[in-house]
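Per chain, numbering begins at 1; letters A, B, ... match sequence-line order.
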Number of protein chains: 2
Amino acid sequence: MKAETFKVACSNCNLRELCMPVGFDEKDMHKLDEVVTTRKKIKQGELLFENGETFTSLYAIRTGFFKTSVASEDGREQVTGFQMAGEIIGLDGIVSDQHTCSAVALEDAEVCVMPFDHIEDLSREFPVLQKHVHKIMSREIVRENGMMMLLGNMSAEERLANFLVNLIQRLFARGQSQSEFILRMSREEIGSYLGLKLETVSRTFSKYSEEGIIEVKQRHIKILKPDVLKQLVKSPNCK
Amino acid sequence: MKAETFKVACSNCNLRELCMPVGFDEKDMHKLDEVVTTRKKIKQGELLFENGETFTSLYAIRTGFFKTSVASEDGREQVTGFQMAGEIIGLDGIVSDQHTCSAVALEDAEVCVMPFDHIEDLSREFPVLQKHVHKIMSREIVRENGMMMLLGNMSAEERLANFLVNLIQRLFARGQSQSEFILRMSREEIGSYLGLKLETVSRTFSKYSEEGIIEVKQRHIKILKPDVLKQLVKSPNCK
DNA sequence: CTAAATCTTTGACGTACATCAAGAAGACTT
DNA sequence: AAGTCTTCTTGATGTACGTCAAAGATTTAG
């Protein structure tokens, strides 16, 4: 059940600053529109791509929310990231021409399909696009370095604080409320991402709640003391 | 104390198949030599680059062995990788024009310095180089996804088995003995990489040793039952 | 509107790994 | 060759988080 497709352009996309390079003049901007061939709608719970699937395209998220995950031989799942509007997914597929993780929509979503061949062709023509692609990939590498720090060194409390602060920052960058939001993922998915069990995630939420740092009602989160939360975060030290 | 530098070429480098793209003809091959400006020697214990340092170049390891690590605000260290001959380091620096991790030589080493500007210029000219750069970055992303699985889901025994099997495979690709080798890193560094304490690493080595899977004498490792070790590895499932 | 299914919370208890500590084995120094 | 330092091993003990279980809360199905 493949979702509908549309023909669209980056040049007048309100997310452009989040997902595409700046510094294009009018003329080049329209050439850049060629990066995106179509849009695609993904319903909640559906796969955008799956482990093992042939890699053809990167996807820019226009609306909605995704999780990516890898699976071990014996079926354990590790959530490797949560992605929202303006973010690019599919980079894992480049190395071997097939995806090594799966991407599932956690709410109804729409993505811009960017065939990687187009991206490569255009980025030979436009150095600013080339640079941008490199930065996107490097950013992902740096993010995962940070996740290794989190998974290898941090306590449950630090992990969850990290998770929440990161979420807040990304919501802020999108002009959404930083103090109140709805989690798109289950406790189990948060746990998988943070290397914890769902019970531990739940207990840690409760602990923060008792301490008056946040207010939790199922998936509704209200941040009462963002500063306390930020103090709990010992993010990788960038000089 | 900056190390000496040399002028050299990829075209006659014995590691080319590990670190550079194949499918170049004679003429292009010599253009590719421009990627590497100089070589640089790094003594054991010295830094190749450091967190916070301005990013200029990627480095291809010619000889020697490195670790990369990130540090948290409060000083905890997370080893993010061990790199050997033919591997490329420095990708973390691209996104913000400064390095976010540090690279230390664990034995005397020599690297090829590849200014990233050159790489970008040349890869606009040579699609095969462009593709190769993309694959290197994607490979690192996939590797780190695997590390997240390891750190988030695996027992100490699985982690160490994973570590050893990975090491063996990379030694094999370099024509070295897969059954006997010397670890270049301390128990503490292995522990940091695997999200364990050095005592746990040591105990797990001892356990494998008691079970006749490996022979351990300090940093000398002999693999007696590679198959048993491989069975312990539940690597990410690639369809 | 009721029933079933799913998700979340909370409690009681277990365990894998961490911590603390001390000795042994190498590795560098003079 | 003796002494110092660092790394590694092993034991005893502690603890943060996992596991198991049951009772709300919420969503979906009929």
Val233(B) and its side-chain contact (heavy atoms from CB on, under 4.5 Å) partner, picked from Leu164(B), Asn162(B), Asn166(B):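 The single option meeting the side-chain contact (heavy atoms from CB on, under 4.5 Å) with Val233(B) is Asn162(B).
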Take the C1' atoms of the five end pairs on each side of the helix from dC1(C)-dG30(D) to dT30(C)-dA1(D), get both axes, and report the angle to 10 degrees.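 End-to-end axis angle for the helix from dC1(C)-dG30(D) to dT30(C)-dA1(D): 50°, rounded to 10°.
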Determine: side-chain N/O of Arg219(B) to OP1/OP2 of dT7(D), distance under 4.0 Å, yes or no.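 No, Arg219(B) has no side-chain N/O under 4.0 Å of OP1/OP2 on dT7(D).
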Between [atom2] of [N] and [atom1] of [X], the distance in whole Å:
{"X": "Arg187(B)", "N": "dA25(C)", "atom1": "CZ", "atom2": "P", "result": "15 Å"}
{"X": "Met154(A)", "N": "dA18(C)", "atom1": "CE", "atom2": "P", "result": "16 Å"}
{"X": "His220(B)", "N": "dT7(D)", "atom1": "NE2", "atom2": "P", "result": "16 Å"}
{"X": "Leu160(B)", "N": "dT9(D)", "atom1": "CG", "atom2": "P", "result": "11 Å"}
{"X": "Arg184(A)", "N": "dT8(C)", "atom1": "CZ", "atom2": "P", "result": "14 Å"}
{"X": "Arg159(A)", "N": "dG18(D)", "atom1": "CZ", "atom2": "P", "result": "8 Å"}
{"X": "Ile182(B)", "N": "dC8(D)", "atom1": "CD1", "atom2": "P", "result": "13 Å"}
{"X": "Lys217(B)", "N": "dA27(C)", "atom1": "NZ", "atom2": "P", "result": "12 Å"}

Any idea which of dT9(C), dC8(D), dC17(D) is nearest the Ser155(A) side chain?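 It is dC17(D).
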Taking for each residue the nucleotide of DNA chain D bearing the nearest heavy atom, is the 5' side occupied by Gln218(B) or by Gln218(A)?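 Residue closer to the 5' terminus by nearest nucleotide: Gln218(B).
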Would you say [X]'s side chain and [Y]'s backbone share a donor-acceptor pair under 3.5 angstrom?
{"X": "Thr38(B)", "Y": "Val113(B)", "value": "no"}
{"X": "Arg159(A)", "Y": "Met154(A)", "value": "yes"}
{"X": "Thr80(B)", "Y": "Asn145(A)", "value": "no"}
{"X": "Glu189(B)", "Y": "Ser186(B)", "value": "yes"}

Under 3.5 Å, is there a donor on one side chain and an acceptor on the other for Glu77(A) and Ser69(A)?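 The answer is yes; a qualifying pair exists.
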Classify the angle between the aromatic ring planes of Tyr193(B) and Phe82(B) as parallel (below 30°), tilted (30 to 60°) or perpendicular (above 60°).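 Judged by the thresholds at 30° and 60°, the geometry between Tyr193(B) and Phe82(B) is perpendicular.
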Arg174(B) with Glu87(B): basic N within carboxylate O range, under 4.0 Å: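 A salt bridge links Arg174(B) with Glu87(B).
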With side-chain contact (heavy atoms from CB on, under 4.5 Å) as the criterion, how do Lys41(A) and Asp108(A) come out once you've worked through the C-alpha distance, each side chain's angles and the decisive distance to 0.1 Å? CA-CA 8 Å; Lys41(A) 292 195 175 189; Asp108(A) 289 1; over 6 Å; no
Interface residues of residues 195-212 of chain B with DNA chain C (non-hydrogen, below 4.0 angstrom):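 Gly195(B), Leu196(B), Lys197(B), Glu199(B), Thr200(B), Arg203(B) - these, ordered by number, are the residues of the stretch whose heavy atoms sit under 4.0 Å from the strand.
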